[in-house]
Amino acid sequence: MMEAIKTYMFRSVVGALQYLTFTRPDLAYTVNTVCQYMNSPTDVHWLLVKRILRYVQGTLSFGINFTSISPTVNDPWQLSAYSDADWAGDINTRRSTTGSVVFLGNNLISWQSKKQGSVSKSSTEAEYKALANTATDIAWIRQVLQDVKFFLPNPPLVYCDNISALALSSNPVYHSRIKHLDIDYHFVREKVQKKDLLVQYVPTEEQVADVFTKGLHSPIFSRHCNHLRLGSNKVGKMLTIDIKTVSKSGVQGTWVVSRIS
């Protein structure tokens, strides 16, 4: 009976945290992780949820901040996105995690942290799947804008920190090496050829989508939170998860979620 009550409470709290991620993108990765243990949560998972709640309590002033004009953006109607993937980050299934974030001008309008549907054999494959997923999201946003009779003056811009994935999106020579990615390849390639999408390289330290794929060290996490414009000058030290060893039951494991200063 007690275990059933604990499981019910765990699902209730995590479900509430899922709603909170609608305005708190900094919680997306951690909440996505605890959601994977809804069926059989353990004390270790409860400890993680409590740490997330303590982080939320210390960052109540956080929230998405929208501005009409920003001096850091030349075109306020430029649709840009960051795409990233954590290759084989899940130690149980070795599936990769896709992270993406979309800005309209300097305003955050869409983000995602999601485990990929299949195992990737290389980091390039994982990054290209993430790139295709981001391109799909951008295509949908662009269509929504067109439905309200607004047409973007410039093609959307996607930033990726994987040089091989960039080469695949623009160079057909590599096509024979990735036939298992045929659909994703043709989708992104077609967008690039039609000038409906521009793909550019961004250094890893400037990859904002990194915060949606894995746990990060405190300075990097804080910097990305500032880039996401969460509407507060005080940024928590870190909200990350480091799973060293987790058994199939999820009992054993090391979860590290530091509190704010």
Side-chain angles (χ1 to χ4, degrees), residues 18 21 25-38 45 48 81-102 110-140 158-169 174-175 177-189 191 197 199-217 220-221 224 228 238-248 250 253-257:
Q18 282 184 298
T21 59
D26 55 321
L27 299 175
Y29 171 71
T30 50
V31 173
N32 177 50
T33 301
V34 296
C35 284
Q36 299 173 27
Y37 301 95
M38 295 284 253
H45 306 129
L48 174 61
Y82 292 83
S83 172
D84 194 25
D86 179 32
W87 179 44
D90 190 316
I91 64 172
N92 289 324
T93 63
R94 285 306 175 191
R95 292 187 181 181
S96 306
T97 301
T98 292
S100 64
V101 55
V102 183
S110 177
W111 59 91
Q112 184 181 68
S113 177
K114 181 181 179 180
K115 186 186 295 185
Q116 295 182 357
S118 59
V119 178
S120 299
K121 296 181 180 180
S122 66
S123 60
T124 300
E125 181 177 344
E127 293 278 358
Y128 205 80
K129 286 180 180 179
L131 184 61
N133 184 80
T134 305
T136 303
D137 194 21
I138 288 180
W140 179 81
V158 180
Y159 295 100
C160 177
D161 61 355
N162 187 279
I163 297 178
S164 298
L166 293 176
L168 288 175
S169 67
Y174 296 99
H175 180 211
R177 304 180 186 179
I178 49 125
K179 289 185 178 179
H180 53 292
L181 284 177
D182 203 45
I183 296 177
D184 287 339
Y185 170 81
H186 282 294
F187 179 78
V188 177
R189 172 72 177 161
K191 294 292 183 183
L197 188 68
V199 183
Q200 291 186 6
Y201 175 78
V202 63
T204 301
E205 57 270 14
E206 298 178 13
Q207 176 57 273
V208 181
D210 211 20
V211 75
F212 298 100
T213 63
K214 55 182 173 294
L216 301 173
H217 293 295
I220 303 176
F221 180 81
H224 289 333
L228 292 174
M238 185 168 52
L239 179 59
T240 63
I241 299 176
D242 182 18
I243 308 176
K244 300 300 183 183
T245 54
V246 179
S247 64
K248 292 183 179 180
T254 302
W255 303 74
V256 180
V257 181

Side chain proximity check, [X] to [Y], heavy atoms < 4.5 angstrom:
{"X": "E205", "Y": "D161", "answer": "no"}
{"X": "Y128", "Y": "C160", "answer": "no"}
{"X": "L168", "Y": "S164", "answer": "no"}
{"X": "T97", "Y": "K114", "answer": "no"}
{"X": "Q207", "Y": "N162", "answer": "no"}
{"X": "V208", "Y": "L228", "answer": "yes"}
{"X": "T134", "Y": "Y82", "answer": "no"}

- request: Measure from the side-chain N and O atoms of E206 to the backbone N and O of V202, and report whether any donor-acceptor pair falls under 3.5 Å.
  value: no
query: Judged by atom type as modelled, is there a donor-acceptor pair below 3.5 Å linking the side chain of S96 to the main-chain atoms of A88?
result: yes
- prompt: What closest approach, in Å, do K129 and V119 show between heavy atoms, and which atom pair accounts for it?
  reply: NZ-O, 4.0 Å
Separation between [atom1] of [X] and [atom2] of [Y], rounded to the nearest 0.5 Å:
{"X": "S120", "Y": "E127", "atom1": "OG", "atom2": "CD", "answer": "9.5 Å"}
{"X": "T98", "Y": "N133", "atom1": "OG1", "atom2": "CG", "answer": "5.5 Å"}
{"X": "L27", "Y": "N32", "atom1": "CG", "atom2": "CG", "answer": "12.0 Å"}
{"X": "H224", "Y": "D210", "atom1": "NE2", "atom2": "CG", "answer": "5.0 Å"}
{"X": "T93", "Y": "Q116", "atom1": "OG1", "atom2": "CD", "answer": "10.5 Å"}
{"X": "T33", "Y": "K115", "atom1": "OG1", "atom2": "NZ", "answer": "8.5 Å"}

- prompt: Under 6.0 Å between the ring centres of F212 and Y29?
  reply: no
task: Decide side-chain contact (heavy atoms from CB on, under 4.5 Å) for D90 and Q36; before the verdict, give the C-alpha distance in whole Å, the side-chain angles of both, and the deciding distance to 0.1 Å.
output: CA-CA 11 Å; D90 190 316; Q36 299 173 27; 3.7 Å; yes
query: side-chain contact (heavy atoms from CB on, under 4.5 Å) between D26 and V211: does it pass, once the steps are laid out?
result: CA-CA 7 Å; D26 55 321; V211 75; 5.7 Å; no
- request: Decide whether Q112 and D137 meet the rule of one side-chain donor and one side-chain acceptor closer than 3.5 Å.
  value: no
